[in-house]
Amino acid sequence: LHSFPTRRSSDLNNTTETGIGALGSATADFTVYTTAGVRVSGGKSITATKAIEGLAPGVYVVQKYENGHITSNKILLK
């Protein structure tokens with residue numbers, strides 16, 4: 001069972017597009033969760049595009065770990 005750390009809504013970067021552009025094209029460590037908090041994908045030293053590869057359309061939360069910082073983005077895959 002995976003759970004998200006408590007976050008304020010102001011901590012999230014919400015987008016209405018795929019959101020992948022906001023995550024950049026550089027490699028980093030990514031973890032992808034469903035909106036229910038279930039880890040569905042991820043890896044170390046990969047691109048955001050690779051992290052979401054093969055996922056069904058839907059809404060996901062992508063966490064990017066880079067240089068000691070965590071960025072969370074809610075994305076919509078169409």
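Everything numeric here is computed off the predicted structure, so don't read it as measured data. Note: hydrogens, waters and symmetry copies are ignored here, and every other heavy atom, side chains too, is used.
- Counting heavy atoms from C-beta on, the side chains of Val62 and Ser72 never come closer than 4.5 Å.
- Distance CD/Glu66 to OG1/Thr27: 8.0 Å, rounded to 0.5 Å.
- For the atom pair Ser41 OG and Lys50 NZ, the distance stands at 9.0 Å (nearest 0.5 Å).
- Across Tyr60 and Leu55, no two heavy atoms sit closer than the pair OH-CB, 3.9 Å.
- Looking at every heavy atom in both residues, Ser25 comes nearest to Thr47 through O-CG2, 3.6 Å.
- Scanning both residues, Gly24 and Ala48, for their nearest heavy atoms gives O-CB, 4.3 Å.
- Considering all non-hydrogen atoms of both residues, Tyr33 and Gln63 come closest at CE1-OE1, 3.5 Å.
- Distance check, rounded to the nearest 0.5 Å: NZ of Lys64 to CD1 of Ile70 gives 13.0 Å.
- For Tyr65 against Ala28, the heavy-atom pair with the smallest separation is O-CB, 3.7 Å.
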